[in-house]
*Asks:* 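Before I ask anything, here is the structure I am working with.
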Amino acid sequence: MNLLVLGPQGSGKGTQAARLSEDHSIPHVSTGEMFRAAIAAGTGLGRRVEPILASGDLVPDDLTVSLIRERLSEPDAGKGFVLDGFPRNLAQAEGLDAMLAEIDRELDAVLFFDLSDEIAVERLRGRAEDEGRDDDTPEAIARRLEIYHEQTEPVVERYRTTGKLVPLHAERSIEAVAVEIAEALELLDEEAVA
Ligand code: AMP
């Protein structure tokens, strides 16, 4: 199963992506996590992206697209994947389409975590206190939300036109959203069989 989760930070998409990864035995591919791991390991990539993450800006598309291309070519992604945090803009979405066409695969569903800015910001402030992520400063949170509206929302609209978008009520509890996702995926399965 090839899944994509889309939505602003604080929408709970990472949490649900981790659950989907476990339930369906497919890797959770999070670009944000990959960049943070590179920073923690002090690699060349890590050194390059560290100031970008700290500001809340986007890492250049060429770096991000090639990171995903490599990751999806690893054996564990053969069975499927749940992509989280990518694509963040239309250029990345086009990069993903090209990549999937090359390996003759398609997205099964694009789960869209819909919620208001107010709730997203409230949740991120909570996360900043709990996890102490370096890029959860008020400035970086505001910048990420601005980029989300400017660059990622057009990606949501793009997938809406393909009929793959599954809008979710992301303001609800983790459990309620998990149930909504399970129901949507079941429906997809039935449609695939019919
Ligand atoms: P996240 O963990 O998804 O909130 O991502 C944290 C940070 O990593 C973002 O604010 C960006 O600086 C960077 N990042 C993550 N995914 C991408 C992406 N697809 N394109 C560019 N930058 C990204």
Side-chain angles (χ1 to χ4, degrees), residues 2-21 27-73 77 81-100 107 110-115 117 119-159 168 170 177:
N2 307 322
L3 298 173
L4 205 154
V5 295
L6 268 183
Q9 291 86 7
S11 62
K13 65 184 167 53
T15 303
Q16 300 292 346
R19 286 174 78 133
L20 286 163
S21 157
H28 174 195
V29 178
S30 155
T31 39
E33 286 297 330
M34 290 163 88
F35 290 134
R36 282 187 290 277
I39 292 170
T43 64
L45 174 71
R47 283 195 298 276
R48 185 156 171 206
V49 302
E50 190 167 14
I52 305 177
L53 263 79
S55 69
D57 280 328
L58 291 186
V59 172
D61 291 337
D62 55 342
L63 270 183
T64 309
V65 172
S66 57
L67 190 75
I68 287 292
R69 181 183 289 279
E70 275 170 34
R71 183 64 188 89
L72 295 189
S73 69
F81 49 79
V82 48
L83 270 183
D84 172 9
F86 177 92
R88 279 281 224 283
N89 59 28
L90 286 174
Q92 293 182 9
E94 279 158 20
L96 177 63
D97 277 358
M99 238 181 271
L100 293 177
L107 291 174
V110 176
L111 304 173
F112 170 44
F113 291 69
D114 200 4
L115 93 169
D117 282 7
I119 296 193
V121 169
E122 211 174 281
R123 286 188 183 171
L124 284 174
R125 295 219 172 104
R127 183 173 83 181
E129 281 166 23
D130 295 345
E131 295 178 19
R133 236 174 81 168
D134 287 347
D135 62 345
D136 278 344
T137 60
E139 294 76 23
I141 289 174
R143 180 74 188 127
R144 295 210 303 272
L145 212 51
E146 189 182 305
I147 293 179
Y148 175 78
H149 289 303
E150 275 173 23
Q151 302 195 34
T152 313
E153 267 175 0
V155 176
V156 174
E157 293 317 312
R158 187 173 195 269
Y159 286 120
L168 302 165
V177 175

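Since this is a predicted model, take the numbers as computed values, not measurements. Starting from 1, each residue takes its place in the sequence as its number. Whatever order the structure lists them in is the order used to number ligands and atoms, beginning at 1.
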*Asks:* For A93, give me all partners under side-chain contact (heavy atoms from CB on, under 4.5 Å), at least two apart in sequence or on another chain.
*Replies:*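 side-chain contact (heavy atoms from CB on, under 4.5 Å) check on A93 returns P87, V155, R158, Y159.
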
*Asks:* Is the shortest side-chain heavy-atom distance between Q92 and V65 below 4.5 Å?
*Replies:*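 When only atoms from C-beta onward are counted, V65 and Q92 do touch, with a gap below 4.5 Å.
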
*Asks:* List the residues meeting side-chain contact (heavy atoms from CB on, under 4.5 Å) with S66, not counting sequence neighbours, and say none if there are none.
*Replies:*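 Here no residue qualifies.
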
*Asks:* Show me the pairs that pass side-chain hydrogen bond (donor to acceptor under 3.5 Å, both in side chains) and involve residues 45-59, at least two apart or across chains.
*Replies:*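 Qualifying pairs: S55-D57, D57-R143.
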
*Asks:* Considering only N or O atoms, set out every pair between ligand 1 and the protein closer than 3.5 Å, with distances to one decimal place.
*Replies:*
residue: ligand 1; atom: 2 (O); partner: R36; partner atom: NH1; Å: 3.0
residue: ligand 1; atom: 2 (O); partner: R36; partner atom: NH2; Å: 3.0
residue: ligand 1; atom: 3 (O); partner: R88; partner atom: NH1; Å: 3.2
residue: ligand 1; atom: 3 (O); partner: R88; partner atom: NH2; Å: 3.2
residue: ligand 1; atom: 4 (O); partner: R133; partner atom: NH2; Å: 3.3
residue: ligand 1; atom: 5 (O); partner: R88; partner atom: NH2; Å: 3.2
residue: ligand 1; atom: 12 (O); partner: D57; partner atom: O; Å: 2.5
residue: ligand 1; atom: 16 (N); partner: T31; partner atom: OG1; Å: 2.7
residue: ligand 1; atom: 16 (N); partner: G85; partner atom: O; Å: 3.4
residue: ligand 1; atom: 16 (N); partner: R88; partner atom: NH1; Å: 3.2
residue: ligand 1; atom: 19 (N); partner: G85; partner atom: O; Å: 2.8
residue: ligand 1; atom: 19 (N); partner: Q92; partner atom: OE1; Å: 3.0
residue: ligand 1; atom: 20 (N); partner: Q92; partner atom: NE2; Å: 2.9
residue: ligand 1; atom: 22 (N); partner: V59; partner atom: N; Å: 3.0

*Asks:* Is any side-chain N of the basic residue among R144 and D136 closer than 4.0 Å to the acidic one's carboxylate O?
*Replies:*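 Looking at R144 and D136, the cut-off is met.
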
*Asks:* Are the side chains of L4 and F112 in contact, using a 4.5 Å heavy-atom criterion?
*Replies:*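 The answer is no; the side chains never approach within 4.5 Å.
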
